[in-house]
**Q** 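Starting off with a structure, shown below.
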Amino acid sequence: MVSRAAVSALFLGALLWTGLPGVPGGTAAFATSPVAVEEAAREAAPEGNGYREVVETAETFPELGDLKATVRVVTLVPNRGYTPIQVTVQNSSGQPRPVRLSIQSMGRVTERSLQLGPRERAVTWLMLPADLQTGTLHLDSPGMDTATRGFYLDSYRGTRVMVLGDVKGFETATGLRRAAENTEPLVATRFVDPLTAPRELAAYVGYDAVLVAVPPDQVPADVWAVLETFAVSGGRLVLDQPPSNPRLHFPLLQDAKAELSPYGFGFVRQFGACRTQGPGCGVDLWSDTERAPAVVVPAGPPPRWERNDLLRDGRVPLLSSARAPVGRFLLLIFLFTLAVGPGGWLLARRKGPLAVLIAVPTLAVLTSLGLVAWSVLVDGFSVHAARYSLTLLDRERSRAVTVGLNAWYANLAEEGAHLPASSVLLAPVDPEDPPRSLDWTNGLVVKNSFLPSRSYREWGEVAVIPSRARLTVRKVDGGVQVQNALGAPLQGGLLKLGSQFWDLPELADGAEGRATPRDEAVEALRDFPHEALMRFPGAVTSVEQPLDDGTFVARLGGRGFTPTAALDVELEDAVHLVRGQVEEARR
């Protein structure tokens, strides 16, 4: 049987051929059209069929006085990010009670603190790093013994979908049935009650898709808000029963009736015509998860038996300070060898063996002190960083949607970092020496070992944060005057007003300058470092789209828009591409 990869490659190759300019029947220029990709994916029949349900079981803690708790286990682990673990806690007393929930696994702790009111029942979520598949949940409260419950998670490695709804709604929406035993399913599913669904972005970003399989009025408004954040930051959101006015929940939709719509860095699918067409909506769900890569993929270290200057998959570190100065060290070692070899022989002939016994240890100490001095004077004690990001500015809603990548190197360990609930810190697939303590009480607080000492690390970030950043333009004397209010130095870019393209000038933050006319558009990513661009496989398309009237793509320096920009670092390199709508000022 022809493999799934071969079939997909065949149809995508045919699609590219028919889209090339100059080919009979082709278009004027190839563009990434969701409809065209959808048709190609529909024709490429998948090898699997049906779905696999990961059944979650409720494990109840032994009763501890007036506290009762239940944890749902055998949960489907996402491909990346964090696994949301659902815990229900009930306070049956008439007094308020603080509660601390923590998961301990392989020397790492994930925790959240709650304040339960009298006779209050709360459903909360603990975000366990996706590289962990087992742990022990601890329940602590003042005046009570600690209760524990061990659990294991489902390590299925295929396509994984979180479903807001139940099995019946999912089967009705997709037309899929449970896959027979020992057969390959199209997707593995995890079912979550919409009323108690997580309200944090980190709970969703690791799954290949999120399907809403209930009517819109059964989803709380704050859940809709986080689902919209999930979609705009690069997620694949599927709606079984779209709202009558989808723009109420998804204001960036260009065509409210389209089945598949790009949405920020992600997209939104609304089941419609697939209900009456073969092979059904389930295959559309599968194709959505198959063709869309992750928006950011930080590179991890190579396996311990392959230690070298390269990272996993042969990628190059993004920080020059993270690479050992091999040439200088070899020169120093060579000089040391000359001094203790031929130099020692000459010294022994002139001064005797006693002089050699004194000179060689002294020279070794001086060489060691030289290496230490090099580390202190060149690397210093600060955190070195290279920061890269792609940002979509939503001016009407005063927010910045950012996908970022940060490369770090610290001579001394950096212990902590804080991120809001609308952002996610993403580690490599197989992290080395990951942070040992995560607190999810108010967003994410990394309490210990955010950056180990003398180690190179890469972290990805996805964030949707409030921002008043903007680019203001004003037409003057047949030209365009530009004011940089983007919060960082403007290093260039492209602007389109009417049918005319303009090159943006280099401007300090808050400064004004003249744009220069350009005959045609240029590639937005031409100045983005290639090695960094490889870490954004699923985000570049949104920035590369042709500019509409009144839109711009700007290249910025500085620390970017992600929450870790607040950390004090020595910035070695920074490139941030920002796309948005200009603000036209009147005289």
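Position 1 is the first residue of the sequence; numbering continues from there. Remember, predicted model here, so these are calculated numbers, not experimental data.
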**Q** Could you tell me which residues satisfy side-chain contact (heavy atoms from CB on, under 4.5 Å) with L533, sequence neighbours excluded, listed by chain and number?
**A** L525, F528, V540
**Q** Decide yes or no for F191 and E56: does some side-chain heavy atom of the first lie under 4.5 Å from some side-chain heavy atom of the second?
**A** no
**Q** I'd like to know if the side chain of R199 reaches the main chain of A197, judged simply by a donor and an acceptor atom lying under 3.5 Å from each other, with no hydrogens or angles considered.
**A** yes
**Q** Sorted by first residue and then second, give each side-chain hydrogen bond (donor to acceptor under 3.5 Å, both in side chains) pair with at least one member in residues 80-89; sequence neighbours left out.
**A** none
**Q** So how far is it from T110 OG1 to W440 CH2, rounded to the nearest 0.5 Å?
**A** 8.0 Å
**Q** For a 4.5 angstrom cut-off between non-hydrogen side-chain atoms, does L67 reach L116?
**A** yes
**Q** Say whether, by atom type as modelled, one donor and one acceptor occur between the side chain of W224 and the main chain of P216 under 3.5 angstrom.
**A** yes
**Q** Check whether S113 reaches the backbone of R100 with its side chain - one donor and one acceptor, N or O, closer than 3.5 Å.
**A** no
**Q** Drop me the distance from R52's CZ to R178's CZ, to the nearest 0.5 angstrom.
**A** 12.0 Å
**Q** Mind jotting down which residue pairs meet the side-chain hydrogen bond (donor to acceptor under 3.5 Å, both in side chains) criterion with at least one end in residues 201-213? Sequence neighbours excluded, please.
**A** N79-D208, R190-Y207
**Q** Do other residues, nucleotides or ligands put more than 12 heavy atoms under 6.0 Å from M144 CE?
**A** yes
**Q** Y51 and F170: aromatic ring centres closer than 6.0 Å?
**A** yes
**Q** Could you state the interatomic distance from CZ (R121) to CG (N91), rounded to the nearest 0.5 Å?
**A** 13.0 Å
**Q** Atom OH of Y409 and atom OG of S453: how far apart are they, to the nearest 0.5 Å?
**A** 8.5 Å
**Q** With a 4.0 Å cut-off, would you call D154 and R160 a salt bridge?
**A** no
**Q** For S102 and H138, what are the C-alpha separation, side-chain angles and deciding distance, and is it a side chain to side chain donor-acceptor pair (under 3.5 Å)?
**A** CA-CA 5 Å; S102 62; H138 294 249; 5.1 Å; no
**Q** Taking F151's backbone N and O only, do any of them form a donor-acceptor pair with T134's side chain (distance below 3.5 Å, no angle check)?
**A** yes
**Q** Among all residues two or more places apart in sequence or in another chain, which pass the salt bridge (Lys or Arg N to Asp or Glu O under 4.0 Å) test with R112?
**A** E200
**Q** Let me confirm one number: the OG1-CG distance from T174 to L186, rounded to the nearest 0.5 Å.
**A** 9.0 Å
**Q** Could you tell me which residues satisfy side-chain contact (heavy atoms from CB on, under 4.5 Å) with A231, sequence neighbours excluded, listed by chain and number?
**A** L237, Y263, V268
**Q** Do the non-hydrogen side-chain atoms of E111 and S437 ever get within less than 4.5 Å of each other?
**A** yes
**Q** Taking side chain as C-beta onward, heavy atoms only, is W459 less than 4.5 Å from T562?
**A** no
**Q** Are side-chain heavy atoms of L390 and S542 found at a separation under 4.5 Å?
**A** no
**Q** I want to check something: taking the side chain as every heavy atom from C-beta on, are S389 and E461 in contact at a cut-off of under 4.5 Å?
**A** no
**Q** State, yes or no, whether a side-chain contact exists between F250 and L239 at a heavy-atom distance under 4.5 Å.
**A** yes
**Q** Return the set of residues passing salt bridge (Lys or Arg N to Asp or Glu O under 4.0 Å) with R399 (not counting sequence neighbours), or none when no residue passes.
**A** E228, D394
**Q** Starting at OG1 of T148, measure out to CG of L137 and round the result to the nearest 0.5 Å.
**A** 8.5 Å
**Q** I want to check something: taking the side chain as every heavy atom from C-beta on, are L126 and V71 in contact at a cut-off of under 4.5 Å?
**A** no
